Amino acid sequence: MLYFTQQLINGLTLGAVYGLIAIGYSMVYGIIGMINFAHGDIFMIGAFHALIVFLILGYLGITWVPLALLIVLLVAVVLTAAYGWSVERVAYRPLRGAPRLAPLISAIGMSIFLQNFVQLTQGARGKPLHSVIPGGITLAEQGGFSVKLSWMQLIIWATTIVLVLGFTWLIRSTALGRAQRACQQDMKMASLVGIDVDRTISTTFVIGASLAAVAGLMVTLYYGVIDFYIGFVAGIKAFTAAVLGGIGSLPGAMLGGMLIGLIEAFWSGYFSIEYKDVAAFGILVLVLIFRPTGLLGRPEVEKV
Amino acid sequence: MAATGTTVGAGAPALSLVPEQVWRRALAAGVATFLLTVVIVGFETVSGTGQLALRAHPGAVAFAVIAATLGAAAMGYLQLGNTAVPTVLALLAAGLLGLPLLTGGRDSPFVWLLPFDAMALNWGALAVPAIVLLRVMVIRLGLTGERSVANVAGGVVQRALPWLAGVLAVIALVLPFLPFVDRRIVDIFTLVITYVMLGWGLNIVVGLAGLLDLGYVAFYAVGAYSYALLSVTYGLSFWECLPIAGALAAMTGIILGFPVLRLRGDYLAIVTLGFGEMIRIILINWYWFTGGPNGINDVGRPSFFGLPFDRNPPEGTDSFHTFFGLEFSSYHRVVFLYYLILVFALITNWFTLRMRRLPLGRAWEALREDETACRAIGINPTNTKLTAFAIGAMFAGFAGSFFAARQGFVSPESFVFIESAVILAIVVLGGLGSQTGVVLAALVLIGLPEFFRELKDYRMLAFGLGMVMIMVWRPGGLLARREPTLRLGKGSAAEP
Amino acid sequence: MSEPLLRVEHLTMRFGGLVAVDDVSFTAETGRITSIIGPNGAGKTTVFNCLTGFYKPTVGRLSLTGAHGRFLLEQLDGFRIAQRARVARTFQNIRLFAGMSVLENLIVAQHNKLMRASGYSVPALVGLGGYAAAERDAVEIARGWLERIDLVHRADDLAGSLPYGDQRRLEIARAMCTDPVLLCLDEPAAGLNARESIELNELLMWIRATHGIGILLIEHDMSVVMGISDRIIVLDYGRRIAEGTPAEIRANPDVIRAYLGEEEDEELPPEVAADLAREGRL
């Protein structure tokens, strides 16, 4: 039971990270109907920004953790958002109205480029970071096994909840959210009624990248080691989460992320850690075959 | 942080002189580049003892910002129809970069002009003025719009294609006997042709049937492991294993394809990627069967119709050199492997060209064009896709067997996602559906980095960038013009 | 009395809470043009999509009876309806193989026949069997259609590069190349100018006269519907509100009410009458 609780805690933490990345996939897919394959690498870039800014702050002598965290968060979000914006501007915007697979191939190219860009500038080796927020609380103890909830995990949960509530409100109640939903329905119509479609799409990428940057920061602090390749697998799992939850739906992305996180944690905990990625991919395949609209997605009626 | 000053400096005092459209664009490009590079390029994390250290590269950031600002300004001028300023700027930049590069590179007295430590990057930086000058020429020659240039160039290449294909085929046939060709070159071309074959195989799936398969390397792996396991466990020869490996790969294609081929294009892409990764993870973890991460060693080498390439064949048997009365040379095997893969690749090519003229091949292309319309005229979409998927997989399986036989060992690390991406890049860059395009793309993407080792670090970077640029420039691929598979003869003459 | 070519009984199609087609029954005969008309959103295209297997009807029996057998369309997979039951269709928004040549479009339409001739590819791949002859025949059939729709000179051009009206006719020719017993046309006159509409009329009447097949037609253009239909079925809000000859439909008060209730003025009865008057003179 204790072991179960510990896996639950770990799974929810992992799920929060996947969920934040999944929102980016889901929003972009919802609005322009493409898989932003480079989104996982945007997350990786966010993680690197967080790491490097932490190190810079260390050099500058800013070691008070709350202040350092705030600065890192701001810088990483702004700079990663610039990546999200640029990727859309350079690789996707010229391809609006192109054959369906063209933007996806462009996105794969972008993903390869970003990975190798970071590998070239930062090296291929894993980058360790000392623990910034150590410690936590022990929830229960029995026979030498204890259930721990680290401060870091609490911070991840709290941040995720705040962000998800905030963005749900943003989509539901603001002009931006309305514009996004309008573009989702019919881009041509939206532009006819005076919505700046280009700007709406750019904003969507910026928001997605910002959330991925937060996820990157969390992963950097939580695991304490990152490399240029982390975006690939995390990206696929987050995409699985987005599909599982129902692509285009923000709460769905979060729910999907949580489920994938939990499945991965329990699979690693009870079956085999080697095959945890196979489990995630297996779920992706099963969901796409049996319920391609996901848990919270609306069914799509084929128009002929 | 000096770079911020550069950006503002380029924008602010020049406001009155420079048209608004131009400086706005330049400023935006400069600021964006600064934001993109300031941390990732500006600070390199260096793994020291225990703790990470940072190394600052302000010069690289400053250079990137200046290059982006000036480049965007030049493009802005071009949009206004002003070609003089961009020409001057581009020539100046090319001069500043070219001077140290041409006067000895690293040993040049002007080495301080170079922004990067790596010479390949400095040469690469020349691309910025080169693109500007190219645009100037396009405008000066009245070829307004890249489309028309692309079409003109595309037309020329298209007309040269049959001729080019012939020349390439002749070179490929006589290559090992050309005077300047040594073992290393034959080896490189064996590798290139392996990728040509994989490209042609994937072209059936992606180029003809329009199914984006991101896990193609999985079938390559199935072929390689099939041969390796059959050869090591049962001692079967290469030629006995080859059909089995092809059949197993095709069967894997059918088993994986059947449930997922009804999915929409982009979902299919992600699922095939997932399958590719699953097969790799299984290969790594299924120790007793696949040897885990170490793979399988001592895989049998192919023989020449039963004649091995051993120096000392067992008593009473012949080997290649004794049978033909030749001096033993390890080069024999290299040349044999070269011709083996060449024949495999040509068979793949022949097969594809032939299939395109048969109903099944036309149905593949029709499916790529419009699946709904296909159903309405009675084409079974699932079966038709499955045949493309399985046949593509089969050729990957053959190539995989060859790969295992040539290497003598197999291990999971040869079958990572990036291999699938490379094969896809070959197909896409060559022009979806174009057979000669695949050869050219494989020569550039696989051949060039092999010959110029210095480029190898930047190969994948250029790959990614190339995929994006080709898609943006010509979403159909470089040689995307398609010839009809049959024509209505002029007048009343029937089909020849 | 023999069984009609197509018998639709109690066809109902629901999407969630929305009833797009509600208990519709009708028949279509060989050698006749049967039209389905009705205001926008009346469920016309949904009926077609059920007939051609794109939707599985919620309730209903769709039976097709020809010399080649009897088929229950609601039980067949989409592509088998074209392949076995030999029901062909065109689409409201044209769906040609735009990247293939005009001729190739017509050859692909003869896929199933050519697949058999090629021995499912393997013998033909190595040049065995009579595939070459079968392909020559297929090209001749295609040439016949190209002559009929006046596109011989564009045969080797991309289908997507044709003008709109030509694409419409090519799509009909492609459907005919599948050798159907029932041809379903979804608004074939949409976007055509007056001259092209008349050409379309002639083409459809020619097909009816020479090919001995049934034609099912959804159309807004009353000059087409009233001019060539043998029978008209009127749908409104998913229900069948009238059925009869063009003259009967023109006089039916329910039909007039259904059309007058609509906001769009393009389908007002006066125009129907005007079109009819013109048809009479033609």
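In what follows, chains carry the letters A, B, and so on, assigned in the order in which the sequence lines appear, proteins first and then strands, with residues in each chain numbered from 1. These numbers were taken from a predicted model, which means no experiment stands behind them.
- Contact of B:Leu35 with chain A is made through backbone and side chain together, with heavy-atom distances under 4.5 Å.
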Q: I would like to know whether B:Val271 and B:Leu256 meet side chain to side chain contact (heavy atoms under 4.5 Å, CB included); could you show each step before the answer?
A: CA-CA 10 Å; B:Val271 169; B:Leu256 296 189; over 6 Å; no
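- Between chain B and the options A:Val90, A:Val78, A:Ile108, the largest number of non-hydrogen pairs under 4.5 Å is found for A:Ile108.
- Ranking A:Thr240, A:Thr80, A:Ile35 against chain B, the residue ahead of the rest is A:Ile35, based on heavy-atom pairs under 4.5 Å.
- Annotation: maximal heavy-atom pairing with chain B below 4.5 Å, among A:Tyr59, A:Phe48, A:Phe232, occurs at A:Phe232.
- Options B:Leu54, B:Ile282, B:Leu268, B:Ile281 differ in how many heavy-atom pairs under 4.5 Å they form with chain A, and the most are formed by B:Leu54.
- At a 4.5 Å heavy-atom cutoff, the contact between A:Ala98 and chain B is made by side-chain atoms alone.
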Fill in: Residue pair A:Leu114, A:Tyr83: steps toward the side chain to side chain contact (heavy atoms under 4.5 Å, CB included) verdict
CA-CA 10 Å; A:Leu114 290 177; A:Tyr83 269 90; 4.1 Å; yes
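- With a 4.5 angstrom heavy-atom cutoff, B:Ala53 touches chain A via backbone and side-chain atoms both.
- Every pair passing side-chain hydrogen bond (donor to acceptor under 3.5 Å, both in side chains) that includes a residue from residues 106-117 of chain A is listed here, sequence neighbours excluded: A:Asp41-A:Ser111, A:Asp41-A:Gln115.
- Applying the side chain to side chain donor-acceptor pair (under 3.5 Å) test to B:Glu371 and every residue at least two apart in sequence or in another chain returns B:Lys385.
- Partners of A:Trp85 according to the side-chain contact (heavy atoms from CB on, under 4.5 Å) rule, which considers only residues two or more places apart in sequence or in another chain, are A:Arg89, A:Ser202, A:Val206.
- Other residues, nucleotides and ligands contribute only 12 or fewer heavy atoms inside 6.0 Å of the CZ atom of A:Arg125.
- A distance of 8.5 Å separates NZ of A:Lys127 from CD1 of A:Ile52, quoted to the nearest 0.5 Å.
- By the 4.5 Å heavy-atom criterion applied to side chains, A:Val77 and A:His49 are not counted as neighbours.
- Among the residues in residues 283-292 of chain B, those with a non-hydrogen atom closer than 4.5 angstrom to a non-hydrogen atom of chain A are B:Asn285, B:Trp286.
- Interface residue A:Phe239: only side-chain heavy atoms are found under 4.5 Å from chain B.
- A 4.5 Å side-chain heavy-atom check between B:Phe43 and A:Val53 finds every atom pair outside the cut-off.
- Chain A forms the most heavy-atom pairs under 4.5 Å with one residue out of B:Val468, B:Leu36, B:Ile418, B:Val472, and that residue is B:Leu36.
- Both the backbone and the side chain of A:Leu288 come within less than 4.5 Å of a heavy atom in chain B.
- The contact between A:Ile236 and chain B is made entirely by side chain atoms (from C-beta outward), counting heavy-atom distances below 4.5 Å.
- Contact annotation for A:Ile105: both backbone and side-chain heavy atoms come within less than 4.5 Å of a heavy atom of chain B.
- Heavy atoms closer than 4.5 Å to chain A are found in the side chain of B:Leu273, but not in its backbone.
- Here CD1 of A:Ile247 is found 6.0 Å from OH of A:Tyr29. Values are rounded to the nearest 0.5 Å.
- Using a 4.5 Å cut-off between heavy atoms, A:Leu51 contacts chain B through its side chain alone, with no backbone atom that close.
- No option in A:Val225, A:Ile226, A:Val72, A:Ile230 other than A:Ile226 meets the side chain to side chain contact (heavy atoms under 4.5 Å, CB included) test with A:Thr220.
- Atom CE of B:Met469 has 12 or fewer neighbouring heavy atoms from other residues, nucleotides or ligands inside a 6.0 Å radius.
- Within 6.0 Å of OH in A:Tyr229 there are more than 12 heavy atoms belonging to other residues, nucleotides or ligands.
- Of the listed residues (A:Leu104, A:Leu55, A:Val75), the greatest number of heavy-atom pairs within a distance under 4.5 Å of chain B belongs to A:Leu55.
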